[in-house]
Amino acid sequence: MSATVNKALLGITPIALFIALWQSLISFGYAPVTLLPPPGAVFLRLGQQLFTSDFLHEIAATLFRLFAGFAIAVVLGVVIGLAAAISPAINAVVKPVVRVLAPIPKVALYPALLLILGFDHASKITLVAADALFPILLSTYYGASMVEQKLIWSAMAAGTPRAQILFKVVLPAAMPSILTGCRIGLVISCIVVFLAEMITSTDGLGHMLVQAARTFQTVDMFVPLITISMLGLILNSLLHGLRTYLLRGFPEV
Amino acid sequence: MITPRALLQKSAPLLACIGLLCAWQVASLLLNTESFPTALEAIRAVPSILGDKESLVNIGASIRRMAIGLSLAVVFAIPLGLLMGRIKGVASFFNPLLMVIYPVPKAALMPIIMLWLGVGDVSKTLVIFLGVSLPIIYHSFQGGKAVEEKMLWSGAAMGLSSAQRMFRIVLPAALPEILTGCRTGLVLALITMVTSEMIARQSGAGNILFNALDMAQYDTVFAMIMIIGALGIFLDAAFEKLRGSLVRWSKPQHDIPLSFS
Amino acid sequence: MKVVTLRSDALAESEPLSGKPASAMIHIDRVSQRFQTSGRQSHLALSDISLTIDDGAFVSILGPSGCGKSTLLYIVGGFVSPSDGVARVKGKAITGPGPDRGPVFQEFALFPWKNVLGNVMYGLRQQGVKHSEAEAKSRKLLEMVGLKGYENFYPKELSGGMKQRVAIARTLAYNPAVLLMDEPFGALDAHTRTRLQNDLLNIWERDRKTVLFVTHSVEEAVFLSDKVVVMTRSPGRIKVVVDIDLPRPRKRAELLLDARYQKYVVDIEKLIDDTGEDEIHA
Ligand SMILES: Nc1ncnc2c1ncn2[C@@H]1O[C@H](COP(=O)(O)OP(=O)(O)OP(=O)(O)O)[C@@H](O)[C@H]1O
Ligand SMILES: [Mg+2]
């Protein structure tokens with residue numbers, strides 16, 4: 001009990017120190033307020049804005065793109081990853097293609113996506129999906145190809161038809177790996193959607209940051225950054241909860 | 001002796017490249033819009049970029065910033081990660097902070113950092129450093145944590161001091177995992193580089209991309225994308241070679257990097 | 001007092017063990033297994049195995065590590081198809097796994113995403129048994145293997161011996177005619193091992209399933225079996241089949257003091273030692 005409290009205290013310390021350092025930079029006059037606003041002002045502005053409809057609209061736009069792209073990445077990644085794991089023919093095609101596409105910086109494709117899909121949602125969602133796809137695909141693939149043979153044999157001996165093995169054994173057995181991929185993919189989605197909005201957009205949190213930067217409103221530049229960090233934390237802990245529930249039978253890794 | 005099968009396997013990525021280019025060619029011919037040039041048109045525009053002195057200087061400067069940012073991150077992140085992996089207190093101290101920073105897009109700090117440090121190399125290098133550090137810390141942390149306690153015990157029994165154990169046992173044992181982190185970091189450095197240049201719009205590869213976009217030089221846009229993509233593939237393959245020779249004793253866990261921005 | 005009956009594999013092949021082919025449950029006919037190894041070489045794991053197992057018989061397989069015991073079991077299970085020869089169950093050639101042959105693996109191979117009850121119910125649900133009925137049956141089975149109260153535990157929360165009992169219950173649940181057990185008690189401590197051996201004998205004496213049982217323990221093989229098959233080192237061949245002529249039901253405490261039991265154990269141990277020496281001299 002007190003161990004967890006200690007651990008939590010130890011963990012909060014650097015964040016508190018960070019904020020204290022930030023505050024002292026201003027208090028002792030090392031940084032002018034125009035360049036570095038005090039933390040109090042930033043959190044106050046965040047609190048004020050949080051429930052205004054404008055701000056909620058920006059968050060909604062960002063979240064919509066984030067979820068749409070992430071969902072596409074999950075569906076495609078899991079389907080392609082499973083297919084490549086169970087079919088040697090599909091594997092022979094998917095593996096080299098992934099090998100070529102995975103190390104390409106996807107953000108470089110963004111101008112092309114803008115040209116092909118336009119400046120609206122579609123290009124941003126596609127970019128998010130393209131970036132989140134590969135970690136999900138690869139972890140699904142590795143998870144599914146590592147499934148213990150004897151689990152499959154046990155299910156087959158119990159009368160499971162071959163066609164159902166994929167859903168009854170391979171998918172649940174690969175679940176820990178798939179969820180790890182999803183977790184990486186989710187953080188990537190947060191990052192990419194923000195960047196895409198910064199590069200070109202008319203709404204969303206990234207757009208807020210660029211807008212504030214253009215007018216040198218430093219306080220307003222920090223607000224979207226902190227918001228995306230919080231969103232990332234919240235989404236991550238939601239996924240963590242889902243993971244704990246789905247993997248309650250699996251040993252800790 | 002090279003069997004046809006092995007030859008096919010070796011050339012599979014090349015075939016995949018050709019296949020993807022063909023798919024692009026067909027797609028652009030079908031769509032037939034001015035803003036989506038064919039693969040051949042884009043390839044034809046590559047030499048004009050690589051032949052242009054100013055573009056070359058730009059791209060060279062980009063790569064230099066990337067190399068410096070990455071090197072700094074490696075020097076800083078590996079020791080921190082290993083310490084976190086071996087000492088519980090250090091891990092509980094830094095973990096929450098890292099979790100808070102993790103979902104913040106590092107390239108998004110560009111406007112703020114530019115405000116402080118100007119638009120020069122320092123800002124961009126700093127952003128790359130920030131972006132790359134996290135995965136390297138994370139993987140070094142995992143690698144350090146996974147080092148078997150018994151190995152350290154036998155090291156202590158042989159009379160190694162704790163600092164020596166860190167260098168002689170923990171570092172080599174965690175090396176495969178550390179290198180996995182560096183590989184992610186490498187791809188990430190490239191991504192952060194391009195992104196920060198797209199946001200700052202001053203110079204560099206990312207800037208060339210958007211300038212061409214603004215001036216409706218669509219074949220240049222796609223040619224530049226190909227150059228950056230090829231750079232990514234090349235750097236990754238080169239690093240894989242290096243890693244293969246460094247840790248011959250360890251099987252690669254993922255033969256494809258988990259890259260992301 | 002009857003002494004060990006030795007049969008060469010040639011004999012075993014020409015004349016089915018019980019002499020009544022009509023009651024044969026498993027018939028392994030000149031089965032060989034060759035594995036491709038790295039490079040262009042191949043490894044002969046099983047060579048020309050012929051064996052008939054009667055309905056309701058308890059047959060153990062003994063042999064040095066790597067001689068192909070598991071492989072033979074997998075062939076009967078239908079998980080691996082032999083490179084040569086045929087294996088039949090009830091006269092039908094084996095083409096794949098089926099619920100008439102239930103495996104119990106040394107590694108337990110429980111589904112980690114299902115709790116104890118879910119693991120045991122799996123086979124029944126797969127056979128199309130209604131949920132409530134499958135649950136009732138599974139609960140009874142778990143009670144029988146001494147795991148009442150652990151229905152909602154996940155495999156990771158169980159000890160090795162408990163996992164093994166769940167694995168046995170999972171296989172027994174869909175009532176296979178043949179049990180294929182691959183060193184099921186290999187990883188257990190001596191005490192749990194003895195308990196599970198007794199449990200298994202009780203279940204077998206009640207249901208009279210056919211059991212094919214792989215083990216490294218001679219005592220275990222003699223204690224449990226009607227016949228003990230001794231295999232040679234690679235390539236795996238049947239060296240001898242030993243009839244264990246001890247009265248049933250067997251009580252461990254009595255048997256350990258029984259001179260016939262002791263002689264079986266000593267004789268078979270000698271046979272296995274010989275298999276080892278053959279290898280060294282060859
Ligand atoms: N899939 C496979 N590919 C190649 N060789 C195999 C394969 N499976 C088994 N073998 C080889 O076949 C031989 C027999 O293996 P098997 O697992 O049946 O032995 P075993 O008698 O069960 O050994 P143990 O008592 O150690 O469990 C071994 O030499 C092994 O190397
Ligand atoms: Mg075996």
Side-chain angles (χ1 to χ4, degrees), chain A residues 74 78 81-82 85-88 91-92 139-183 239-253, chain C residues 70 73-74 76-80 94-129 134 152-158 163 166-182:
Chain A
V74 169
V78 171
L82 285 179
I86 58 172
S87 151
N91 191 359
S139 356
T140 305
Y141 170 71
Y142 286 109
S145 40
M146 300 288 188
V147 174
E148 218 195 304
Q149 183 67 60
K150 306 248 159 85
L151 287 181
I152 297 175
W153 285 356
S154 296
M156 279 164 78
T160 317
R162 250 164 226 281
Q164 290 179 21
I165 288 288
L166 179 64
F167 289 102
K168 292 237 159 109
V169 184
V170 177
L171 189 62
M175 200 47 95
S177 190
I178 293 176
L179 289 178
T180 304
C182 287
R183 188 140 148 212
L239 192 65
H240 186 76
L242 180 72
R243 187 187 162 86
T244 324
Y245 172 72
L246 283 178
L247 303 186
R248 59 201 180 284
F250 286 85
E252 293 293 329
V253 267
Chain C
S70 300
L73 217 67
Y74 298 159
V76 176
F79 309 122
V80 172
I94 294 170
T95 54
D100 52 343
R101 286 150 290 139
V104 179
F105 297 110
Q106 184 174 7
E107 307 89 337
F108 317 129
L110 296 173
F111 302 130
W113 59 92
K114 286 186 181 294
N115 61 16
V116 167
L117 189 64
N119 265 285
V120 179
M121 280 172 62
Y122 182 85
L124 288 167
R125 294 288 292 147
Q126 211 55 55
Q127 309 299 303
V129 177
N152 294 323
F153 280 53
Y154 281 91
K156 69 167 178 192
E157 296 158 337
L158 304 178
K163 279 186 208 162
V166 178
I168 293 173
R170 178 177 69 173
T171 304
L172 288 175
Y174 52 90
N175 201 21
V178 182
L179 279 179
L180 303 169
M181 308 181 90
D182 192 359

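Reminder, nothing fancy here: chain letters follow the sequence lines and each chain counts from 1. What you see is a predicted model, and the numbers here were worked out from it, not measured in a lab.
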- prompt: Contact part of C:Leu110 toward chain A, heavy-atom cut-off under 4.5 Å: side chain, backbone, both or neither?
  reply: backbone

query: Shortest non-hydrogen contact from A:Ser154 to C:Arg170?
result: OG-NH2, 3.1 Å

task: For the residue pair A:Lys168 and C:Tyr122, establish whether any side-chain heavy-atom pair is separated by less than 4.5 Å.
output: yes

message: Can you tell me which of C:Trp113, C:Phe153, C:Tyr154 forms the most heavy-atom pairs within a distance under 4.5 Å of chain A?
response: C:Trp113

query: Within the side chain of C:Lys156, is there an N or O that forms a donor-acceptor pair under 3.5 Å with the backbone of A:Phe250?
result: yes

query: What part of C:Phe79 lies closer than 4.5 angstrom to a heavy atom of chain A: side chain, backbone, both or neither?
result: both

Best-contacting candidate, C:Pro112, C:Gly77, C:Gly102, C:Gly123, against chain A by heavy atom pairs under 4.5 angstrom: C:Pro112

Which portion of A:Gln149 sits near chain C, non-hydrogen atoms under 4.5 angstrom: neither

- request: Please determine, among A:Gln164, A:Glu148, A:Arg248, the option with the most heavy-atom pairs under 4.5 Å with chain C.
  value: A:Arg248

query: Does C:Gln126 use its side chain to pair, donor to acceptor, with the backbone of A:Pro161 at less than 3.5 Å?
result: no

Shortest non-hydrogen separation from C:Ala109 to A:Lys150 and the atoms involved: CB-CB, 3.7 Å

Chain A contact via C:Val80 - which portion, at a heavy-atom distance below 4.5 Å: side chain

task: State, yes or no, whether a side-chain contact exists between C:Pro97 and A:Trp153 at a heavy-atom distance under 4.5 Å.
output: no

- prompt: So which part of C:Arg125 gets closer than 4.5 Å to some heavy atom of chain A, the side chain, the backbone, both or neither?
  reply: neither

field: Portion of C:Tyr174 that has a non-hydrogen atom of chain A nearer than 4.5 angstrom
entry: side chain

